[in-house]
Enquirer: 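Handing you this structure, nothing more for now.
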Amino acid sequence: MQVRYLIDMANDIGAFFASEPDTATAARGVAAHLRRSWEPRMRREIVEHFAAGGAGLTEPARAGVALLAQNS
């Protein structure tokens with residue numbers, strides 16, 4: 001899958017959780033959604049993109065992917 005699509009999807013998920021007043025809770029929500037809903041290949045690719053700088057990821061998405069990367 002092209003990383004651009006993964007970035008867009010992660011940002012959409014991040015936008016949903018951005019309404020959460022606590023940013024740590026929002027990040028955990030993004031990470032949980034990615035773990036629960038994305039297949040392993042998609043998770044691996046977004047974590048690799050994050051490790052390479054994460055260009056294009058919004059802050060809520062970036063924080064969630066960072067948690068995902070820590071637990072991978």
Side-chain angles (χ1 to χ4, degrees):
M1 177 169 273
Q2 291 187 11
V3 75
R4 180 76 235 158
Y5 296 124
L6 297 176
I7 293 166
D8 289 344
M9 289 188 292
N11 286 341
D12 287 344
I13 295 162
F16 175 82
F17 286 101
S19 64
E20 174 64 48
D22 179 44
T23 56
T25 300
R28 286 191 300 272
V30 171
H33 181 88
L34 295 176
R35 268 190 232 95
R36 188 175 53 245
S37 302
W38 284 24
E39 65 178 47
R41 177 183 54 94
M42 294 167 69
R43 293 191 306 262
R44 184 181 65 251
E45 288 180 19
I46 199 68
V47 166
E48 288 172 359
H49 177 72
F50 170 76
L57 288 170
T58 61
E59 190 51 40
R62 179 182 298 277
V65 174
L67 287 177
L68 186 66
Q70 289 175 0
N71 297 321
S72 293

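Since the model is a prediction, treat every value here as computed from it, not as a measurement.
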Enquirer: By side chain to side chain donor-acceptor pair (under 3.5 Å), which residues pair with Glu39, not counting sequence neighbours?
Expert: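 Glu39 satisfies side chain to side chain donor-acceptor pair (under 3.5 Å) with Arg41 only.
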
Enquirer: Quick one: list whatever passes side chain to side chain donor-acceptor pair (under 3.5 Å) with Arg28, sequence neighbours left out.
Expert: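 Side chain to side chain donor-acceptor pair (under 3.5 Å) check on Arg28 returns Thr25.
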
Enquirer: Tell me every residue that passes salt bridge (charged side-chain N to carboxylate O under 4.0 Å, His left out) with Asp12, counting only those two or more places apart in sequence or in another chain.
Expert: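 Residues passing salt bridge (charged side-chain N to carboxylate O under 4.0 Å, His left out) with Asp12: none at all.
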
Enquirer: Which atom pair, heavy atoms only, marks the closest approach of Ala31 to Leu67?
Expert: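 Scanning both residues completely, I find the closest heavy atoms to be CB-CB, 3.9 Å.
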
Enquirer: Going from CG on Leu34 to CG on Leu6, what distance comes out if it is rounded to the nearest 0.5 angstrom?
Expert: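 Answer for the CG-CG pair, Leu34 versus Leu6, is 9.5 Å.
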
Enquirer: Could you list all the side chain to side chain donor-acceptor pair (under 3.5 Å) pairs where at least one residue sits in residues 43-59, not counting sequence neighbours?
Expert: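 Residue pairs with at least one partner in residues 43-59: Asn11-Thr58.
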
Enquirer: Using the side chain to side chain contact (heavy atoms under 4.5 Å, CB included) criterion, which residues pair with Tyr5? Sequence neighbours excluded.
Expert: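 Only Met1, Gln2 meet the side chain to side chain contact (heavy atoms under 4.5 Å, CB included) criterion with Tyr5.
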
Enquirer: Sequence neighbours left out, what passes side chain to side chain contact (heavy atoms under 4.5 Å, CB included) with Ala26? Give chain and number order.
Expert: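 Side chain to side chain contact (heavy atoms under 4.5 Å, CB included) list for Ala26, sorted by chain: Phe17, Glu20.
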
Enquirer: List for me each residue that meets side chain to side chain contact (heavy atoms under 4.5 Å, CB included) alongside Ala32, sequence neighbours excluded, and say none if there are none.
Expert: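 Ala32 satisfies side chain to side chain contact (heavy atoms under 4.5 Å, CB included) with Arg35, Arg36 once adjacent residues are dropped.
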
Enquirer: Do you know which two heavy atoms are closest between Pro60 and Gly14, and how far apart they sit?
Expert: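 In terms of heavy atoms, the two residues are closest at CB-O, 3.5 Å.
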
Enquirer: To the closest 0.5 Å, what do you measure between CD1 (Ile46) and CG (Leu68)?
Expert: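 It comes to 9.0 Å.
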
Enquirer: Which residues pass the side chain to side chain contact (heavy atoms under 4.5 Å, CB included) test with Ala15, not counting sequence neighbours?
Expert: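 None.
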
Enquirer: Hey, any chance Met9 and Ile7 share a hydrophobic cluster, counting ILVMFWY side chains that come within less than 4.5 Å of each other, even indirectly?
Expert: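 Shared cluster, yes.
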
